[in-house]
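In this chain, numbering begins with 1 at the start of the sequence shown. First listed ligand is number 1; within each ligand, the first listed atom is number 1. Scope of the values below: all heavy atoms of this structure, side chains included, with no hydrogens, waters or symmetry mates.
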Amino acid sequence: MSDQPTTPASTELARGLAGVVAGRTAVCSLDGDLRYRGYSIGPLAEAADFEDVAYLLIHGELPTALEHRSFSERIRAAAHGIAPEVFEALRVLARMAPDCSPMDALRTGVSMLGQVELDLTPPPHAALVAQAERLLGQVPALLAAWIDIAAARPVAPWPDRPLAAALLERLTGRIPTPEEVAIFGTTLVLYAEHEFNASTFAARTVVSTGSDMHSGIVAAIGALKGPLHGGANEQVLEQLAAIGTADRAGPWLEEQFATRRVVMGFGHRVYKDGDVRAKLLGRLCSRLVAGVPDGVVGRSSGAGDGEALESLAAKVEQMMLARKGLRPNLDWPAARVYHALGLPVCVFTPIFVVARMSGWTAHIIEQVGDNRLIRPLSLYCGPPPREWLPRDSRESR
Ligand code: ACO
């Protein structure tokens, strides 16, 4: 085989790989409707719990009642089973970097779990599935543990409840109402999977080299953290807090446009006519805010009370559509739902991680099952060919 690089006769450049079909997947489709393994997102968001959806993504079919029960038990067992040494290591890190973000703690935590489990090479399919299920339980437990550790509290036990209820209880420190659990669970279902987004593609690229699942997840968490991807849900709340009141929305937006800064929670690489997930969750968000008793809504940050925040959000939405033709993506209502549930902003993106673990692991299993190294080409734009110069003959710059 030749060592010469091969360049296609006509090289087309798609900045950011926009519009490029980079592989096949049976996990999810965005063609007209968002579907997980063929099931439309509408009914899933309305009727499925997170365990239903995670099972569907990882195993390919909706679980029977029996499968659902044993899957939920395996996830819970994994949440309970994290080695205390992992928490000890996180405690040391919390002392060294008390202000580090929970996303960094999750990235490090998953890396540690991979090391503890000796995750060296891609194992057979059944072992990969078992690893995925373990991570599904471990990651939310790690997140809740980190919040305790960062606050210098002992790590509280993981509640024996379905994942959405357990995580919400751990992150708010109170027993949530069934309505709160329902909408929180819906956010997890909506965040669970989204085809070849940046973090999923990062995970697939890592395991396409023959590397292990934990390494793929670590890369995915790193990719999700960025504000153009998962990090946007935290920035949505920061921006709403910065605007303050509806009458300040206009000048604030004009300032963003003038300085070419993006407005978080708007726009999408694939959805140009609006994100179906944002529409679904937006409706639920309004209902949640209208129905939650005083003192619960909007207690997580300085972003204002629920009703005022919703008016502000509606004003920003109208202006973004009128001025830029841009519609909200999922992060726009998700941030407001989390705020209304009393969650601190620093856990918004980590909650996205918890949900997307299901999609990431499903994609990793799919990639490993039919692997070809992911290695695209680049279009060179550097200096033309140059002659080597000995050190003494180089001119100073
Ligand atoms: N605010 C202001 N302007 C925007 C926004 C925005 N949110 N989104 C796109 N634009 C502008 C672009 O700057 C570009 O302007 P230009 O033509 O003058 O340069 C124009 O709209 C077209 O942009 P696209 O090519 O459609 O955007 P792209 O596909 O490259 O980016 C992205 C998509 C990164 C999501 C972008 O819309 C953005 O930065 N949004 C804010 C961050 C965000 O909410 N991310 C969450 C993504 S969804 C998720 O992770 C669940």
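- Environment of CZ in R24: sparse, with no more than 12 heavy atoms of neighbouring residues, nucleotides or ligands closer than 6.0 Å.
- The nearest heavy-atom contact from the protein to atom 42 (C) of ligand 1 is M264 SD, 3.5 Å.
- Within 4.0 Å of atom 46 (C) of ligand 1, at least one protein heavy atom is present.
- Of all protein heavy atoms, the one closest to atom 48 (S) of ligand 1 is H268 CD2, 3.6 Å.
- F196 and H363 have perpendicular rings, their planes meeting at more than 60° on a 0 to 90° scale where under 30° would count as parallel.
- Contact atoms of ligand 1 toward D331: 46 (C), 48 (S), 49 (C), 50 (O), 51 (C) (distance under 4.0 Å to a heavy atom of the residue).
- Close contacts between ligand 1 and G265 involve ligand atoms 43 (C), 44 (O) [criterion: under 4.0 Å to a heavy atom].
- Taking only nitrogen or oxygen atoms, main chain and side chain alike, R269 reaches within less than 3.5 Å of ligand 1.
- More than 12 heavy atoms of other shown residues, nucleotides or ligands fall within 6.0 angstrom of atom CZ in R394.
- In summary, the atoms of ligand 1 found under 4.0 Å from a heavy atom of A232, numbered by their order in the structure, are 43 (C), 44 (O), 45 (N), 46 (C).
- Here the shortest heavy-atom pairing between G267 and L326 reads CA-CD2, 4.0 Å.
- Proximity of a side-chain donor or acceptor of R35 to a complementary backbone N or O of S29 within less than 3.5 Å is not detected.
- Counting protein heavy atoms only, atom 19 (O) of ligand 1 is closest to R260 NH2, 3.3 Å.
- Ranking protein heavy atoms by distance to atom 36 (C) of ligand 1, first place goes to F266 O, 4.3 Å.
- Look at H229 and you'll find a heavy atom under 4.0 Å from some atom of ligand 1.
- The distance criterion of under 3.5 Å between nitrogen or oxygen atoms is met by N329 with respect to ligand 1.
- The environment of CG in D31 is sparse: at most 12 heavy-atom neighbours from other residues, nucleotides or ligands sit within 6.0 Å.
- Nearest residue to atom 24 (P) of ligand 1 from Q235, K272, Q256 is K272 (criterion: closest heavy atom).
- Protein heavy atoms are absent from the space less than 4.0 angstrom from atom 17 (O) of ligand 1.
- Checking atom 32 (C) of ligand 1 against the protein gives no heavy-atom contact under 4.0 Å.
- Within 4.0 Å of atom 22 (C) of ligand 1, not a single protein heavy atom is present.
- For residues 257-277, the salt bridge (charged side-chain N to carboxylate O under 4.0 Å, His left out) pairs, not counting sequence neighbours, are E255-R261, D275-R277.
- Here ring pair (Phe, Tyr, Trp, His ring centres under 6.0 Å) pairs that include residues 163-191, with residues two or more places apart or in two chains, are F184-Y338, Y191-F352.
- Cation-pi geometry between K324 and F266 is not met at under 6.0 angstrom from the ring centre and within 45 degrees of the axis.
- At a heavy-atom cutoff of 4.0 Å, ligand 1 is contacted by no atom of V236, backbone or side chain.
- When the options L228, V263, L253, L326 are ranked by their closest heavy atom to atom 3 (N) of ligand 1, first place goes to L326.
- Using a 30° and 60° split on the angle between ring planes, H268 and Y271 fall in the tilted class, from 30° to 60°.
- No donor-acceptor contact under 3.5 angstrom links the side chains of T25 and E195, judged on distance only.
- Open room surrounds CD on E46; 12 or fewer heavy atoms of other groups in view lie less than 6.0 Å from it.
- The protein atom (non-hydrogen) at minimum distance from atom 13 (O) of ligand 1 is V262 CG1, 4.6 Å.
- Protein heavy atoms are found inside the 4.0 Å sphere centred on atom 5 (C) of ligand 1.
- Look at G16 and you'll find every heavy atom at least 4.0 Å from all atoms of ligand 1.
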